[in-house]
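So the structure is just underneath, and the comments pick up after that.
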Amino acid sequence: MRILFATSEARPLIKTGGLADVSGALPAALRKIGLDCRLLLPGYPAVLAGIDNAEPVCNLSGLPGGITATLLQAPMPDNGVPLYILVAPELFQREGGPYQDVAGHDHPDNALRFAVFSKAAAILASDGDSPLAWRPQLLHCNDWQTGLAPAYLRLAGQTTPSLMTVHNLAYQGIFPPADLATVELPPESFSMEGVEYYGNLSFLKAGLYYADRLTTVSPTYAEEIRQPALGMGMQGLLAARGDDLVGILNGIDSGEWNPSSDRHLPCKFSARALAGKKQCKLKLQQDLNLEPGKETPLFGIIARLAQQKGLDLILAIADGILHRGGQIALLGTGEKMLEAAFRELGASHPGRVAAVIGYDEGLSHRIEAASDLFLMPSRFEPCGLNQLYSLSYGTVPIVHATGGLRDTVEDGVTGFVFHEPTPHALWLAVERALRAHADPKMWQRMMRAGMKRDFSWEKSAREYESLYRGLVA
Ligand code: ADP
C-alpha cells in the first residue's frame, strides 16, 4: 500500500514539537510492516542542509499564487524513508523557524506558504494531475499546515482518500477571510459546511471537514475534543463526525530513546542494571551546577514554555519542592514571561534549581536519564512524549489526568496522576511521590514497572495500517 505522509516537520531535519518526533518515526514503522510510506516536507533551509544525494524528480505547477516548485527526492538521514521535498525558495528558504521569523512573529505569508504545501500534497495524490510516477493510494495529512490538502482533493472531484491527524487542536491555522482568494479556494467553500470558522478561514477546520477519516494521538484526547472544554470551538464538527474520529497513541522511537544505547548519555542503564542512572544524575548535577547528591530527589521538566503545559502550577509549588529537599532541572523555551519566571527561580536558588532556557536535544536526553521524577502538569496534552521517555528511562512521571497522559501513566504503579489542574492537586501528587521515593524498594519497583511498558511504534503502526486498509478498500 502506498501512503504519502505530508507533514511540515520531521526529525532529525526540522522540529518544533512532538509532530516532528511522530513524522520521524511513524513512516519508518509503517515501512517495517510492509507499507510503502513516503514523506513530503517543505524545503526549509534546515531540511535542504540535512540531506544528501537529493535528486530533482519533477516540477510542480498549478499551485496557489502562480508559484512553481521543484520536487526533490532523497532518503531521510536516519532511517532511509523516501522523502520528497517541496522546493519553493521564495516561500520556504528564509531565516527564522518554519512558522515564525527570528523575532518570533508569524511569517506574514503563512496562508500562501501552507496553501502551496497542501496543494502540492493534493496534486501528488491526484489521479491524472501528478507529474510523479509514484502514485499514493492515500494521503495522510498532519495538523493545520496540511489541512487544505483534503479540501483541494475533494473540491477537485478527486477520489484518493485522505486521513487527517490532529497532533494538537490548539493550532488551527486561522487567517482572515480575504485569504480565501490567496489559497484559491472557491467562495462557496467559505461556509460552516466547509473551511469557515467563526468568520475566518481555518486550515485545520478544512482538514477536519473534508478528510475522509480523522485521527488524533490518544484515545482520551479523541474523546475530550468532542466536548466544549477542550474542543477549541471544533467540538460540534468533531462530535458530528463521531464515527470517523479515533485516537491512536503515539509510540517512541526506541532507536533514539533507549537508556541502554542512548549516545547522549555519559552512562547507559536498563531496568536490570540501574546503576548507570545514578551516574547520569551526578554528572548532570555537576554540569548544571546543582549540589551533588545521589539521593536528592531531582525533578526534571522539558517543555515548550506555553500556557498549555501548566508550568505556572510548577512555579506555584516550586518552593515546596525545594523545602522538601528536592532539586529542579528545567529545559525549555517559549513564552517570555515563563522564561523570565524560571530564570528568576534558578537565580534565586543556586545549586537547587537549574533553568536552561534554550533548545538542546542532547540535554533533553540527559535530563530524562538523570531525573528521579518528571513533572508534566499539562492543562491538556494530546499525547505527550516526555512522559513516555520518562517511563522508559526509569524517571517516574507526575502528570495531570488529561489526554495521552491519562492513557499512558498508571497512578501508583508507573507514576502519579492528579485530577484537577491546580497547584494544590499537583502538590498532593508531589507529596505522594516524595513519600514513595523515600522507600527505595517501592521506588525501584515503580521505576521498573514504567521501564517495562511497551510504547514501541509497531503497535500504533498496525492500527494506522488497519485504518488505511479500510479507507483504500
Ligand atoms: P509538544 O508537541 O506539545 O511540544 P510533546 O511532549 O508531544 O509536546 O513533544 C515535545 C518534544 O519536544 C519532545 O520530544 C521534547 O523532548 C522536545 N522538546 C521540547 N522542548 C525542548 C527543548 N527545549 N529542548 C529539547 N527538546 C525539547
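Note that ligands are numbered from 1 as they come in the structure, with each ligand's atoms numbered from 1 the same way.
Checked by distance only, ligand 1 and Gly17 stay at 3.5 Å or farther apart across all their nitrogen or oxygen atoms. Considering backbone and side-chain atoms together, Glu361 places no N or O closer than 3.5 Å to any N or O of ligand 1. Taking any N or O of Leu19, backbone or side chain, none lies under 3.5 Å from an N or O belonging to ligand 1. At least one N or O atom of Arg304, backbone or side chain, sits closer than 3.5 Å to an N or O atom of ligand 1. Ligand 1 has an N or O atom lying under 3.5 Å from an N or O atom of Lys309, backbone or side chain.
The closest approach between a heavy atom of Cys383 and any atom of ligand 1 is not below 4.0 Å. Within the structure, the closest approach of Gly358 to ligand 1 falls below 4.0 Å when heavy atoms are considered. Using 4.0 Å as the threshold, Lys15 has a heavy atom nearer than that to some atom of ligand 1.
Neither the backbone nor the side chain of Pro382 has a heavy atom within less than 4.0 Å of ligand 1. At a 4.0 Å heavy-atom cut-off, ligand 1 touches Asp360 through the backbone alone. Heavy atoms of His167 found under 4.0 angstrom from ligand 1: none, in either backbone or side chain. Here Asp21 has side-chain heavy atoms under 4.0 Å from ligand 1, and that is the only part of it that gets that close.
If you look at Tyr389 and Phe374, their ring centroids are not closer than 6.0 Å. Proximity of the aromatic rings of His400 and Phe418 is defined here by a centroid distance below 6.0 angstrom, and this criterion is met. Under the 6.0 Å cut-off for aromatic ring centres, Tyr468 and His140 qualify, their centroids lying closer than that.
Between Trp257 and His365, the angle of the ring planes stays under 30°, which puts this pair in the parallel group of the 30/60° scheme. Aromatic ring pairs are classed by plane angle as parallel below 30°, tilted from 30° to 60° and perpendicular above 60°; the pair Phe114 and Tyr99 is tilted.
A salt bridge does not link Arg366 with Asp262: none of the charged nitrogens is closer than 4.0 Å to a carboxylate oxygen. We find that Glu335 and Arg304 are not joined by a salt bridge, their nearest charged nitrogen and carboxylate oxygen being 4.0 Å or further apart.
A cation-pi arrangement, defined by a distance under 6.0 Å to the six-membered ring centre and an angle within 45 degrees of its axis, is present between Lys119 and Tyr152.
Within a 6.0 Å sphere centred on CZ of Arg406, other residues, nucleotides and ligands contribute 12 heavy atoms or fewer. Dense packing is recorded around CD of Gln93, with more than 12 heavy atoms of other residues, nucleotides or ligands lying under 6.0 Å away.
Considering Gly334, Gly18, Ala303, Gly332 only, the shortest heavy-atom separation from atom 20 (N) of ligand 1 involves Ala303.
Here the heavy atom of the protein found nearest to atom 15 (C) of ligand 1 is Asn386 OD1, 3.0 Å. Of the protein's heavy atoms, Tyr359 CD1, 3.4 Å lies nearest to atom 22 (C) of ligand 1.
The ligand atoms of ligand 1 that sit less than 4.0 angstrom from a heavy atom of Leu385 are 5 (P), 6 (O), 7 (O), 9 (O). Set against the non-hydrogen atoms of Gly384, the atoms of ligand 1 under 4.0 Å away are 6 (O), 7 (O). Atoms of ligand 1 lying under 4.0 Å from at least one heavy atom of Tyr389, given by number and element, are 14 (O).
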For this session: May I have the step-by-step check of side chain to side chain contact (heavy atoms under 4.5 Å, CB included) for Leu86 and Phe92, ending in yes or no?
Result: CA-CA 9 Å; Leu86 187 73; Phe92 300 121; 4.0 Å; yes
